[in-house]
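All remarks here apply to the structure that follows.
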Amino acid sequence: MTFKQKIKSHYQKLLSEKINELRFMISDLAQDAQNDAKGSAGDKHETALSMMHLEQEKLNQKLAEIISQKNIVDKIDTDSIHAKVALGSLVQTNEMLFYISAALPKIQIENKMIIAVSPQSPLGSQLIGKNLGDEVEINKNRFQIKSIT
């Protein structure tokens, strides 16, 4: 397994776990609401039920966001080598190692810190289309591209 495949696999696993966790929480809330609906009546009950529905909506939005991120990561072809920075590129700069995919948490693989950035982020949008040796600047930090894979 290549380094890029390890990164993709790690993020896929991370996102799948988060999706399962959110689905479990949504299911739990639905079950609680159903049980609550059977046993009580009155204003307090209605308020509690409304709060559960609001929480369920928030979780559903978060779930949709995570599924969208996973779809982006799933589409990445880890075997393609990029001459210019593109979706799926692993970009080594003088400072850090960036994985152009979706905005995801930092991870560490083989003692290397990887930061996943989306192409739409301020840094990602500046990196997209850049070549080896090009520089970008974000928040007074200058990043020079040392390698693109």
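Values in this document were obtained by computation on a predicted structure and should not be read as measured data.
Screening residues 103-123 for salt bridge (charged side-chain N to carboxylate O under 4.0 Å, His left out) gives K6-E110 as the qualifying pairs, with residues at least two apart or on separate chains. Applying the salt bridge (charged side-chain N to carboxylate O under 4.0 Å, His left out) test to pairs two or more places apart or on separate chains, none has a residue in residues 75-86.
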Can you give each donor-acceptor pair under 3.5 Å made by side-chain atoms of residues 142-149, sequence neighbours left out, with the distance rounded to 0.1 Å?
| residue | atom | partner | partner atom | Å |
| --- | --- | --- | --- | --- |
| R142 | NH1 | E135 | OE1 | 2.9 |
| R142 | NH2 | E137 | OE1 | 2.9 |
| Q144 | OE1 | K146 | NZ | 3.2 |
| Q144 | NE2 | G133 | O | 3.4 |

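Listed by chain and residue number, nothing satisfies the ring pair (Phe, Tyr, Trp, His ring centres under 6.0 Å) test with Y99 (two or more places apart in sequence, or in another chain). Residues forming a salt bridge (Lys or Arg N to Asp or Glu O under 4.0 Å) with K140 (at least two apart in sequence, or on another chain): none. Among residues two or more places apart in sequence or in another chain, the side-chain hydrogen bond (donor to acceptor under 3.5 Å, both in side chains) test is passed with H82 by S80, S89. For D74, the salt bridge (Lys or Arg N to Asp or Glu O under 4.0 Å) criterion is met by K70, not counting sequence neighbours. When the side chain to side chain contact (heavy atoms under 4.5 Å, CB included) test is applied to I67, the partners found at least two apart in sequence or on another chain are I19, R23, L63, N71. Every residue meeting the salt bridge (Lys or Arg N to Asp or Glu O under 4.0 Å) condition with E17, not counting sequence neighbours, appears here in chain and number order: K13. When the salt bridge (Lys or Arg N to Asp or Glu O under 4.0 Å) test is applied to K4, no partner is found at least two apart in sequence or on another chain. Under the rule for a side chain to side chain contact (heavy atoms under 4.5 Å, CB included), the partners of Q120 that lie at least two apart in sequence or sit in another chain are S118. Scanning for side chain to side chain contact (heavy atoms under 4.5 Å, CB included) contacts around L14 gives Y11, P105, with sequence neighbours left out.
Residues K8 and V73 meet the side-chain proximity criterion, which asks for heavy atoms closer than 4.5 Å. In this structure, Q69 and I66 have side chains that are in contact, with non-hydrogen atoms separated by less than 4.5 Å. Put simply, the side chain of M113 does not reach to within 4.5 Å of the side chain of L97, judged on heavy atoms. Contact of the I115 side chain with the L123 side chain is not registered, since no non-hydrogen atoms from C-beta on lie closer than 4.5 Å. Using a 4.5 Å cut-off on side-chain heavy atoms (C-beta onward), E21 and M25 make contact. Within the 4.5 Å cutoff, side-chain heavy atoms of F24 are placed close to those of D28. By the 4.5 Å heavy-atom criterion applied to side chains, I100 and V85 are counted as neighbours. Inter-residue side-chain proximity for L127 and F98 is flagged as met; some heavy-atom pair is nearer than 4.5 Å.
In the hydrophobic clustering of this structure, V136 does not group with I114; members are Ile, Leu, Val, Met, Phe, Trp, Tyr whose side-chain heavy atoms approach within less than 4.5 Å, directly or through other members. Under a hydrophobic clustering in which Ile, Leu, Val, Met, Phe, Trp and Tyr are joined whenever their side-chain heavy atoms come within less than 4.5 Å, directly or via other members, I128 and L87 fall into different clusters. No path of Ile, Leu, Val, Met, Phe, Trp and Tyr side chains, each step under 4.5 Å between heavy atoms, connects I7 with V117, placing them in separate hydrophobic clusters. F3 and I81 fall into different hydrophobic clusters, where Ile, Leu, Val, Met, Phe, Trp and Tyr are joined by side-chain heavy atoms under 4.5 Å apart, directly or via other members.
D134 contributes no side-chain N or O that, together with a main-chain N or O of K130, makes up a donor-acceptor pair within less than 3.5 Å. Of the possible donor and acceptor atoms, one in the side chain of S125 sits under 3.5 Å from a partner among the backbone N and O of S121.
Here CG of L29 is found 10.5 Å from NZ of K58. Values are rounded to the nearest 0.5 Å. Rounding to the nearest 0.5 Å places NZ of K18 at 12.0 Å from CG of L104.
Closest non-hydrogen pair, N131 versus A83, comes out as OD1-O, 3.9 Å. The shortest heavy-atom contact between S101 and I72 is O-CG2, 3.5 Å.
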